[in-house]
Protein chains: 2
Amino acid sequence: MRAVVMERPGEVRVVDREQPRIEEPTDAVIEVTATCICGSDLWPYRGIEAVDHAWMGHEYVGVVREVGPQVRDVRVGQFVVGSFFASDGTCEICRSGYQSHCVQRVPMGSIGTQAQYARIPLADGTLVATPGMPDADLVPSLLAASDVLGTGWFAAVAAEAGPGKTVAVVGDGAVGLLGVLAARQLGAERVIAMSRHADRQALARELGATEIVEERGDAGVAHIKDLTDGLGAHSVVEAVGTQESMMQAIGSTRPGGHVGYVGVSHGVSLPGQELFFSGVHLHGGPAPVRRFLPDLIRRIWDRTIDPGRVFDLTLSLEQAAEGYRAMDERRATKVLLTV
Amino acid sequence: MRAVVMERPGEVRVVDREQPRIEEPTDAVIEVTATCICGSDLWPYRGIEAVDHAWMGHEYVGVVREVGPQVRDVRVGQFVVGSFFASDGTCEICRSGYQSHCVQRVPMGSIGTQAQYARIPLADGTLVATPGMPDADLVPSLLAASDVLGTGWFAAVAAEAGPGKTVAVVGDGAVGLLGVLAARQLGAERVIAMSRHADRQALARELGATEIVEERGDAGVAHIKDLTDGLGAHSVVEAVGTQESMMQAIGSTRPGGHVGYVGVSHGVSLPGQELFFSGVHLHGGPAPVRRFLPDLIRRIWDRTIDPGRVFDLTLSLEQAAEGYRAMDERRATKVLLTV
């Protein structure tokens, strides 16, 4: 089969790779329908983070082609969506809704889903089948559920977005934009997207943003306070992962409010005293996407939400290198690869 | 009147000071019945923090002697308990339960309650009257509600201690010990006190600890994991405020669990990546003690709880200097000053 490999920063190729097979009795093998490139794939691409897995990709939707002898629920022929962590679904951590911290979790990035086929460990705990074979136009949204939607949704839940709340969203990448969508779906009254790019501002408004703040850092915090009687937002979604974005998120939150942070942390060090006196709640980390998948698939299937709109470039798997370049050069927010 | 003053680190004296009077129409003046020395008073005493207010003390119970013309609920002659922040009780932040971040808040430490009388700003929002004049043996517990109990209680609430939960408590000072009491009162199944002092371990057990862990740092974390199927506690109360105690608290918490931190942060810098991948909830800061006062006073009045037990040295106001020394030299956990 064909698969995407990155052996050194900036060097992405599509090569032949042995087709995956059932290794554990709880595995499934899926034929990938679509996969995508994640903002987090850019860290090794840019050499900021070690290239610790040559095979790339952790987002996927596809059709089950084979299951191991202990797989009970997932069946051959089903169209499935899974998260970027495989999880058993049975441990105490999974049952509490934190499948991304499952005691048996397997990061799908260590397996690589930018490929024609992928082995999915712990298939019953990991995969959620759609009600049937999806129409082609639903595939991007189902793929988004695998990571960016699930992550933005978790951030909004962690930030306790809900009715009567004012939610600010730091970061206008795919996750931030879908954090906007999630906040509105969860009933937030006002959603303030923090963005300085006209195209992303426009998309944020279409996804549910009621206001836009262009400033960043202290000026951004001041503007959020201006819009909230000097108090700060009730809920803030952080979807970047830098020192500036974290401090912007904490500073934009009122005392007793909630920050949901999902930007993978890079070089962040939170000053204890400032955090202490802020009085905010802080929750985040790798999103337990699996918790939300049944609900998200239903909303997509019913065409209530259309998160696939964050994909602004669609290429074939063979064009993966161009996809990485487009995201690296910020010509694309999120690249979908058809397989 | 007589009042405690600290003009330089380590120099505490009791001196004559002009008796306070009504300055704002929302003020009350109370005759202080008892006050105490806080662990946070030791930071300036030890020269670790600037001596930014000469008049000392922020914990108090007493009898109302005078009220301003706009005070509606508090009446002369009532025995009252208040928090270490005066708060209006009417702003949006107060109404959401975060009175320690009230938009009009006044830190009582800037006024000084280690004195015979104290002016209490925003009396209606700040003070809670007891059902009557308390028996003498209830005074220490009512005084504890003013800060250490209220703070330990908030930490346990922030850590979401409750039925079925395993709660670990980092710190065996007065706040940590009352965090143990709070966790049990809130219904926690197991409460693990982290302490290496035999006398504090014994008191922790009397207040509701079911287990003791003596190790600190990584060894402490490992021991907590051993006691919790390798997962970590559901809830962790942090009541110290140092880098080591914060990392011990975060490390002792399972993914999706809750850290309630109330130790005033000193020199703490939280590594973003470690926090991110921990998947914990973090909430804390200056405790909104006022939120809990009615409930705490009722539990004390009914003799359901006896938080006054954390006072292990009682002196007169005139002996304040000896009280500071005893706490500084760790001869006392918490010193009560009778006035």
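Convention: sequence-line order gives letters A, B, ...; per-chain numbering from 1.
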Undergrad: Select one option (side chain, backbone, both, neither) describing which atoms of B:Val264 are under 4.5 Å from chain A's heavy atoms.
TA: both

Undergrad: Heavy-atom pairs under 4.5 Å with chain A are the metric here; pick the option from B:Gly263, B:Ser96, B:Pro288 that has the most.
TA: B:Gly263

Undergrad: Taking heavy atoms only and a threshold strictly under 4.5 Å, list by residue number the residues of residues 145-166 of chain A that touch chain B; give 'none' if the list is empty.
TA: none

Undergrad: More than 12 foreign heavy atoms under 6.0 Å from CG of A:Asp218: is that the case here?
TA: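 No, because the 6.0 Å sphere around CG of A:Asp218 holds 12 heavy atoms or fewer from other groups.
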
Undergrad: For residues A:His101 and B:Phe277, report the shortest heavy-atom separation together with the two atoms involved.
TA: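 Taking every non-hydrogen atom into account, CE1-O, 3.3 Å.
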
Undergrad: Nearest 0.5 Å, what's the CG-CE distance between A:Leu275 and B:Met246?
TA: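 Reported value, rounded in 0.5 Å steps: 7.0 Å.
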
Undergrad: Using heavy-atom distances under 4.5 Å, tell me whether B:Ser100 contacts chain A through its side chain, its backbone, both, or neither.
TA: neither

Undergrad: Quick check: do B:His281 and A:His258 have side-chain heavy atoms less than 4.5 Å from each other?
TA: no

Undergrad: Can you confirm whether B:Glu274 is buried at CD, in the sense that more than 12 heavy atoms of other residues, nucleotides or ligands lie under 6.0 Å from that atom?
TA: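 At most 12 heavy atoms, drawn from other residues, nucleotides or ligands, come within 6.0 Å of this atom.
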
Undergrad: Specify the closest pair of heavy atoms between B:Ser265 and A:Phe276, including all atoms of both residues, with the distance to one decimal.
TA: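 The pair with the smallest heavy-atom distance is CB-CB, 4.0 Å.
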
Undergrad: Sub-3.5 Å donor-acceptor pair from the side chain of B:His283 to the main-chain atoms of A:Leu282, do we have one?
TA: no

Undergrad: Highest number of heavy-atom pairs under 4.5 Å with chain A: which of B:Gly257, B:Gly256, B:Gly230?
TA: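 Most pairs with chain A among the choices: B:Gly256.
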
